[in-house]
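By convention here, the first residue in the shown sequence is residue 1. Predicted model, so just to flag it, every value in this text is computed and none were measured.
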Amino acid sequence: MSLKNKSEHTPVQSEEPQEEKPSLKGLLIDLIEVVGTALVLTFILLIFIQPSIVDGRSMFPTLHDNDKLLLWKLGSIDRNDIVVFDSHDMENNKYVKRVIGIAGDEITIKDSVVTINGTVLNETYINEPTFNGDVSLTVPEGEIFVLGDNRNHSNDSRAFGTVKLNDVDGKMVFNLNGWIRSIFH
């Protein structure tokens, strides 16, 4: 009888793990998942958020020329919101203004004093305290009354009347340039 060494019969396993080679099928599935996720996220963001760039000084000092804004496209519009809307002018410009009145509000502007439903509006955000344009109206249902913060250099509801809510692209939720200015001041 012969004695056999047990190690001779037991397969020796390598201590180094064997590398698995990626399969083409696995790579394609990963690529489709990444691209698909990116497309879905982009689509969702485009439904709810819209970028916009300020052109002009009608909202100075709140907004500056070339400020980059993000607009929220859903939800209600309230007093004091800053909105971007279609002007329906000859050049089909978009305007950015502050909402002063919503449906049912009685707006009066006399001698540079704005009142809403008989209450004087405290406007700490306007550029110049004296401006032209007397108004007396009630904002119709489905519309808003808007003014620029730089009243002496703004084409707003004093000139073209109320704005239909259907013409509003969205309300400002973020001002990239304003955020950067706040860091360095």
Side-chain angles (χ1 to χ4, degrees), residues 30-103 105 107 109 112 114 116 120-133 135 139 142-185:
D30 288 347
L31 181 63
I32 290 169
E33 286 176 352
V34 168
V35 170
T37 302
L39 288 174
V40 167
L41 288 174
T42 300
F43 180 72
I44 289 171
L45 285 176
L46 290 175
I47 289 173
F48 301 117
I49 296 174
Q50 175 180 326
S52 188
I53 299 175
V54 175
D55 181 18
R57 297 178 40 87
S58 71
M59 285 296 293
F60 184 82
T62 306
L63 301 176
H64 297 220
D65 191 32
N66 290 317
D67 275 1
K68 280 85 175 156
L69 311 177
L70 286 181
L71 308 177
W72 184 250
K73 295 166 66 170
L74 299 175
S76 63
I77 306 267
D78 297 312
R79 282 184 214 97
N80 212 35
D81 285 343
I82 295 174
V83 296
V84 173
F85 58 93
D86 188 353
S87 69
H88 294 290
D89 65 8
M90 298 297 282
E91 293 84 30
N92 203 24
N93 290 314
K94 301 285 184 175
Y95 286 176
V96 59
K97 305 292 178 204
R98 184 180 302 275
V99 177
I100 301 299
I102 57 176
D105 283 346
I107 308 291
I109 302 175
S112 302
V114 179
I116 302 172
V120 173
L121 189 59
N122 181 16
E123 299 186 289
T124 57
Y125 45 77
I126 62 172
N127 191 38
E128 301 171 83
T130 305
F131 54 90
N132 296 323
V135 172
V139 180
E143 299 186 19
I144 53 177
F145 184 87
V146 297
L147 295 173
D149 290 357
N150 195 2
R151 301 279 160 82
N152 289 319
H153 305 282
S154 177
N155 185 21
D156 50 38
S157 287
R158 294 171 294 165
F160 53 71
T162 56
V163 174
K164 293 181 183 343
L165 287 173
N166 291 340
D167 290 332
V168 175
D169 291 347
K171 62 182 173 182
M172 182 186 79
V173 291
F174 186 70
N175 176 356
L176 176 64
N177 299 72
W179 178 74
I180 291 169
R181 279 192 300 274
S182 71
I183 291 173
F184 295 106
H185 285 103

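- When the options Asp78, Asp81, Val99 are evaluated for a side-chain contact (heavy atoms from CB on, under 4.5 Å) with Ile144, the one that passes is Val99.
- Atoms CG and CD1, on Leu39 and Ile32 in that order, are 11.5 Å from each other to the nearest 0.5 Å.
- The closest side-chain heavy-atom distance from Val96 to Val83 is not below 4.5 Å.
- Around NZ of Lys73, the count of heavy atoms belonging to other residues, nucleotides or ligands within 6.0 Å exceeds 12.
- The CG atom of Asp149 sits 9.0 Å away from the OG1 atom of Thr124 when rounded to the nearest 0.5 Å.
- Using a 4.5 Å heavy-atom cutoff, the side chains of Asn177 and Asn66 are not in contact.
- For the pair Ile82/Thr62, a side-chain contact is recorded, criterion being any heavy-atom separation below 4.5 Å from C-beta on.
- Between Asn127 and Met59 there is no side-chain heavy-atom pair separated by less than 4.5 Å.
- Rounding to the nearest 0.5 Å gives a distance of 6.5 Å between OG of Ser157 and CG of Leu147.
- For Tyr125 against Arg151, the heavy-atom pair with the smallest separation is CE1-NH2, 3.9 Å.
- Looking at Leu176 and Leu69, their side chains never come closer than 4.5 Å, going by heavy atoms from C-beta outward.
- Between the CG atom in Asn155 and the NZ atom in Lys97 there is a gap of 6.5 Å [rounded to 0.5 Å].
- Donor-acceptor pairing under 3.5 Å is lacking for the side chains of Ser87 and Lys94.
- Within a 6.0 Å radius of CH2 in Trp179, no more than 12 heavy atoms belonging to other residues, nucleotides or ligands are found.
- Not a single donor-acceptor pair under 3.5 Å links the side chain of Ser154 to the backbone N or O of Asn150.
- Looking only at side-chain heavy atoms (C-beta outward), Phe131 and Ile109 come within less than 4.5 Å of each other.
- Residues Glu143 and Lys164 are in side-chain contact: their nearest non-hydrogen atoms beyond the backbone lie under 4.5 Å apart.
- Taking the six-membered ring where the residue is Trp, Phe85 and Tyr95 present perpendicular rings, their angle passing 60° and hence far from 30°.
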**Test log, rule side-chain contact (heavy atoms from CB on, under 4.5 Å), inputs Phe145 and Val163** = CA-CA 6 Å; Phe145 184 87; Val163 174; over 6 Å; no
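- In this structure, the separation between OG on Ser58 and CG on Asn152 is 12.0 Å, given to the nearest 0.5 Å.
- For the atom pair Ser112 OG and Asn132 CG, the distance stands at 7.0 Å (nearest 0.5 Å).
- Residues Phe174 and Lys68 fail the side-chain proximity criterion, which asks for heavy atoms closer than 4.5 Å.
- In this structure, the side chain of Asp89 engages the main chain of Glu91 through a donor-acceptor pair within 3.5 Å.
- For the residue pair Arg98/Asn80, the side-chain donor-acceptor check at 3.5 Å is satisfied.
- Under the 3.5 Å distance criterion, with hydrogens and angles disregarded, a donor-acceptor pair is assigned to the side chains of His88 and Asp167.
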**Request:** Run the numbers on Ile77 and Val168 for side-chain contact (heavy atoms from CB on, under 4.5 Å), then give the verdict.
**Result:** CA-CA 9 Å; Ile77 306 267; Val168 175; 3.8 Å; yes
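- Checked against Ile49 for a side-chain contact (heavy atoms from CB on, under 4.5 Å), the options Leu71, Leu74, Leu70, Val173 give a single hit: Leu70.
- Dense packing is recorded around CG of Asn93, with more than 12 heavy atoms of other residues, nucleotides or ligands lying under 6.0 Å away.
- Asp67 pairs by the side chain to side chain donor-acceptor pair (under 3.5 Å) definition with Asn175, Arg181, not counting sequence neighbours.
- Contact between Val146 and Asp156 at its shortest, heavy atoms only, is O-CB, 3.4 Å.
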